[in-house]
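Step one of this worksheet: look at the structure below.
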Protein chains: 2
Amino acid sequence: MTTAPSASPDLSAVPDAELLRLDHQVCFSLHAASRAFGGYYRRALKDLGLTYSQYLVMLVLWEQGPQSVKAIGERLHLDSGTLSPLLKRLESAGLVRRERSREDERSVVIDLTDEGAELRERALSVPRGVLAATGLSLEEVLGLQEILGRLTGALGEAVDAD
Amino acid sequence: MTTAPSASPDLSAVPDAELLRLDHQVCFSLHAASRAFGGYYRRALKDLGLTYSQYLVMLVLWEQGPQSVKAIGERLHLDSGTLSPLLKRLESAGLVRRERSREDERSVVIDLTDEGAELRERALSVPRGVLAATGLSLEEVLGLQEILGRLTGALGEAVDAD
DNA sequence: CACAACTAAGTTGTGCACAACTCAATGGCG
DNA sequence: CGCCATTGAGTTGTGCACAACTTAGTTGTG
């Protein structure tokens with residue numbers, strides 16, 4: 001798929017009722033797909049004792065090393081209201097450490113424990129299964145990612161420009 | 001329905017660590033897009049007093065008329081644990097009625113109140129704004145929907161075939 | 001008919017998402 | 001220096017998602 005001349009003139013020609021139906025399908029599709037992914041991960045990650053969101057946080061830590069709550073939040077588009085309790089649970093599970101930064105006492109640096117770092121080895125087997133389970137080709141996955149990225153960006157801007 | 005002989009041979013050639021990174025991006029993209037959609041709707045639906053999920057339920061009722069909790073759940077892939085409290089909130093908001101079916105006393109039929117039916121008029125303006133905000137063309141939206149549908153189906157099967 | 005298997009809805013408990021808020025540390029700026 | 005706006009993390013409250021369970025109604029079978 002090429003990057004289309006996105007301002008489709010068709011859109012304004014479609015009647016409201018039809019759009020309502022289409023809208024149903026689009027937002028529902030995305031909602032459903034996201035939850036289907038979540039459902040798959042719930043099982044795949046059960047052995048590791050991680051939830052889907054906790055897995056995302058661990059991925060960030062495995063890839064980027066120790067960093068502040070704010071940095072993780074920016075990477076995943078999550079705020080402290082979501083991350084604070086999640087990180088506490090990861091801490092109780094013995095996977096991460098939380099300590100106040102010395103340079104800036106406001107910020108808390110999250111670091112992997114040895115146990116958390118070791119978990120990466122076991123997590124390596126997860127994504128291959130997931131990608132296989134999607135039934136999508138590598139090209140489709142990359143295309144999907146591209147379009148979802150644009151979608152997220154555009155919706156984010158639309159909300160900001162409120 | 002294994003329509004996918006498209007099993008890309010590439011996939012098995014990609015190293016684990018690379019897949020972990022890609023996986024991060026795919027599941028994160030979907031997660032983020034779904035939440036970006038949610039964020040947009042949160043604002044768009046604020047005037048109507050509906051949440052995103054409540055809107056999905058109302059769409060089903062507007063399109064298909066009175067039906068059981070189970071039927072709504074099948075349409076949206078949601079179980080009673082999610083729907084029961086959600087429908088109670090719609091009931092308190094005066095948008096739906098809940099009454100036991102006479103034929104089968106186990107099932108509860110959800111029906112729109114006049115107020116709920118009237119809300120449809122005000123909801124008609126929402127999807128045009130959303131589709132515009134995505135910045136996607138009609139073709140891209142349809143393509144996205146198709147691929148998400150396949151994704152959801154494949155992941156569902158993979159989980160069932162556990 | 002009786003009883004077991006099943007089904008629909010609801011309840012409970014855990015965790016995520018997010019708005020709105022508090023609180024302490026920081027960084028200007030007059 | 002003193003004051004105040006800003007920032008990072010955490011808390012509180014509401015709602016969704018889902019697993020596991022309960023309860024009541026239904027259906028199938030001997």
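Numbers restart at 1 for each chain; the letters A, B, ... are given by sequence-line order, proteins then strands. Note that this is a predicted model, so its numbers are computed, not measured.
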(request) Could you check whether B/E103 gets within reach of a base, just the sugar-phosphate, or nothing at all, counting any heavy atom under 4.0 Å? (result) sugar-phosphate
Nearest-Å distance for atom pair [atom1]/[atom2], residues [X] and [N]:
X      : N      : atom1 : atom2 : answer
A/D104 : D/dT6  : CG    : C1'   : 12 Å
B/L78  : D/dA19 : CG    : P     : 12 Å
B/L83  : C/dA8  : CG    : P     : 13 Å
B/L45  : C/dA17 : CG    : P     : 20 Å
A/F37  : D/dC18 : CZ    : P     : 15 Å
B/K70  : C/dA8  : NZ    : P     : 4 Å
B/L56  : D/dG15 : CG    : P     : 17 Å
B/Y52  : D/dT14 : OH    : C1'   : 19 Å

Does the side chain of [X] get closer than 4.0 angstrom to OP1 or OP2 of [N] through an N or O atom?
X     : N      : answer
B/K88 : D/dG15 : no
B/S84 : C/dG10 : yes
A/S53 : C/dA17 : yes
A/H77 : C/dC18 : no
B/R98 : C/dG10 : yes

(message) Ring-plane angle category for A/Y52 and A/F37, please: parallel below 30°, perpendicular beyond 60°, tilted otherwise.
(response) parallel
(message) Does the plane of the ring in B/Y55 sit parallel, tilted or perpendicular to the ring in B/Y41? Use 30° and 60° as the thresholds.
(response) tilted
(request) Find which nucleotide of DNA chain D each of A/R42 and A/R100 is nearest to by heavy atoms, and output the residue with the more 5' nucleotide. (result) A/R100
(request) With DNA chain D as reference, determine whether A/H31 or B/E105 sits nearer its 5' end, using the nearest nucleotide of each. (result) A/H31
Return the nearest nucleotide to the side chain of [X]; candidates are [options].
X      : options                : answer
B/T82  : D/dC18, D/dA9, C/dG10  : D/dC18
A/S107 : C/dA17, C/dA25, D/dA9  : D/dA9
B/D79  : C/dA9, C/dG15, D/dC18  : D/dC18
A/R35  : C/dA25, C/dC18, D/dC18 : D/dC18

(request) For B/K46 and for A/L86, find the nucleotide of DNA chain C with the closest heavy atom, then tell me which residue's nucleotide is more 5'. (result) A/L86
(message) Contact between B/L30 and A/L148 at the side-chain level, heavy atoms closer than 4.5 Å - yes or no?
(response) yes
(request) Check whether any side-chain heavy atom of B/R120 lies under 4.5 Å from a side-chain heavy atom of B/M58, and answer yes or no. (result) no
(message) Can you tell me whether the side chain of B/S80 and the base of C/dG10 have a donor-acceptor pair closer than 3.5 Å?
(response) yes
(message) With a 3.5 Å cut-off and heavy atoms only, can you find an N or O donor on one side and an acceptor on the other between the side chain of B/R106 and the base of D/dT26?
(response) no
(message) Looking at B/S80 and B/L83, would you say the former's side chain and the latter's main chain have a donor-acceptor pair under 3.5 Å?
(response) no
(request) With a 3.5 angstrom cut-off on both distances, give the Watson-Crick or G-U wobble partner of D/dG8, or none if there isn't one. (result) C/dC23
(message) Quick check: closest heavy atoms across A/R150 and B/E140, and the distance to 0.1 Å?
(response) NH2-OE2, 2.7 Å
